[in-house]
Structure formats: C-alpha cells, structure tokens
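Every number for a ligand or one of its atoms is a count from 1 in the order of the listing.
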Amino acid sequence: MRLDVVTIFPEYLEPLNVSLVGKARARGQLDVHVHDLRQWTYDRHNTVDDTPYGGGPGMVMKTEPWGDCLDELLADGYEAGVGAPALVVPTPSGRPFTQELAVELSERPWLVFTPARYEGIDRRVMDEYATRMPVYEVSIGDYVLAGGEAAVLVITEAVARLLPGVLGNAESHRDDSFAPGAMANLLEGPVYTKPPEWRGHGIPDVLLSGHHGKIARWRRDEALRRTTANRPDLIERCDAAVFDKKDREMLSILGWEPEPGGRFWRKREAVEE
Ligand code: 6GU
C-alpha cells in the first residue's frame, strides 16, 4: 500500500518510522511519502493560508498549494502504476473513524492524506478532487485538535495493522473489539500475566484453572461488565439475538433487561444508582 501525507509539519509524521508502521515500511509492505506543502508555494513567505470569505476568526488554507501539490503527486503515483487513489481529509467535521472504515481503507492500494491546520482547507479543493476519486472526510472523535496530523497517525496505524502480513498472526484481528461482523461489539476485558501476585494483587483463580470453557465464559462476562460500564451505547445497539442465556444472566446482574423490541436497556433502578 502507498501512503502520501501532505502537511506543513512533516516532522510531526516522524512516528511513521517507528514500531508497527515503521517495520511495515522497512519490510516494503508500506510505501510512505511525506511532503511539505510549502514546497508548492511561490511567494517569499511561503503562504499557505488566507482570511476567510464572509469574515470570522482564523485562517483558511488556500486552494493553489494543495492543488499544485496533489496534481504532482497524483501524476507521480499514476505513472508508477500504484492503482486508484483515495483522498483522506482529516477534519473534526468529517464522518467518524471506525474499525469498519479502517477495513475499507486498508483494502485500497493508495491513500493520500491532507491534514490541515487553521480553520481547514478551502472547500473547492475537496470538491475538485471528488470529481476524480473517493474523498473521505474523517474525524477521529468528538474533540478538537489543532491540526489533522495526529489523526493521520491514528488512521495510519489502524489501517496498517490490517494489511496482510503486518501483524504476526493473521488471526490476531479477528477478535478485535469493533471488528466488523463480530458476534457482538463488546469491549475486551482485563488481561494478566506473571507474576501471579504483585503488591498484594492476585489474579482471578479461573485463569489458573486450565478450564477453557470457564475461562471463555469469564472473559465474556468481563467484556459485558466493561462494555455496560464504559460503552452502554454498544449494548443498546446490539440485536439481542447475539446474547446467549449466560450473557442474559450477566446482563441482568449488571442491571440490564430485554425489551419486547429485542434490544437491551438498563433498568430504571440501575440508571439511578
Ligand atoms: Cl481529523 N482534525 C482535527 N483538527 N480535530 C479533530 C479531528 C481531526 N478529529 C477529531 N478532532
């Protein structure tokens, strides 16, 4: 897979040399190109922004540097025969980045990222490239960052670990929380390793029992416990058909009950606790 990133802070993308993404690059599984947008400015001050039409605070990134840069790097990739590019535009007003979108992006041969600073990029840039390729405007969560570079690191890592051969074991993302088509999207429960006792904290006996069925059940119960506590929306969204008899017992203990419509809701008393 080829990745291009265009930014006014190329050094912000240094982490792409490290860890999983860095190793995927070293192995030739990822071909990463980071570009400094200011190389496509032609004035003394290397201007990339200007005041917004209609007034208001902040600055808007200008069309021309983005257009000239994207034209050049798209021509380069087409010439190299990389495949069909998709533009990924990080913005707090984009669609939420999810595991499902990570899977979709991981299936493309070439992603071009345009992290912006200031109030964002002149709309006409996205409109122009949308006539030639898919454009994904993506947000990584409900908070505001100063720029899209950190989002590029997030998206890149989520996508890279899905590429064939990047994670050691091909099975390792089948059970990810949020894996599409997972039985139910539950958060994963706690994990433990040696030593068996640390500062007076032991580990749950069941994990030492060697009883695989009981261990699987315990893990499922802990996943339900954690999901109801931290992400009740995930339980409410589930088709109740994904919960077996033991799941239902655990949900009941946690203060949840089925509705006639088929979904689970937190019981009133539990909500008020
Ligand atoms: Cl992609 N960019 C910025 N600037 N802020 C964000 C974001 C992206 N996602 C969440 N907040």
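- Looking from atom 1 (Cl) of ligand 1 to the surrounding protein, the closest heavy atom is T91 N, 3.1 Å.
- The shortest N or O to N or O distance between L145 and ligand 1 is below 3.5 Å.
- Salt bridge R108/E104: absent, no basic N to carboxylate O contact under 4.0 Å.
- Less than 4.0 angstrom separates some heavy atom of A151 from each of these atoms of ligand 1: 1 (Cl).
- Taking the side chain as every heavy atom from C-beta outward, L162 and L167 never approach each other to under 4.5 Å.
- With a 4.0 Å heavy-atom cut-off, ligand 1 is reached by no atom of D142.
- Residues T228 and E236 have side chains not in contact (no heavy-atom distance under 4.5 Å, counting atoms from C-beta outward).
- Between W218 and Y192, the ring planes are tilted. Angles from 30° to 60° get that label.
- Of all protein heavy atoms, the one lying nearest to atom 9 (N) of ligand 1 is I140 N, 2.9 Å.
- At the top of the distance list for atom 10 (C) of ligand 1, counting protein heavy atoms only, stands G141 O, 3.1 Å.
- In terms of polar-atom proximity, V144 is not counted as a contact of ligand 1, lacking any N or O under 3.5 Å from an N or O of the ligand.
- One N or O on the side chain of S139 and one on the backbone of G141 form a donor-acceptor pair closer than 3.5 Å.
- With a 4.0 Å cut-off on non-hydrogen atoms, P92 touches ligand 1 through its backbone as well as its side chain.
- In this structure, R2 contributes its side chain and G83 its backbone to no donor-acceptor pair below 3.5 Å.
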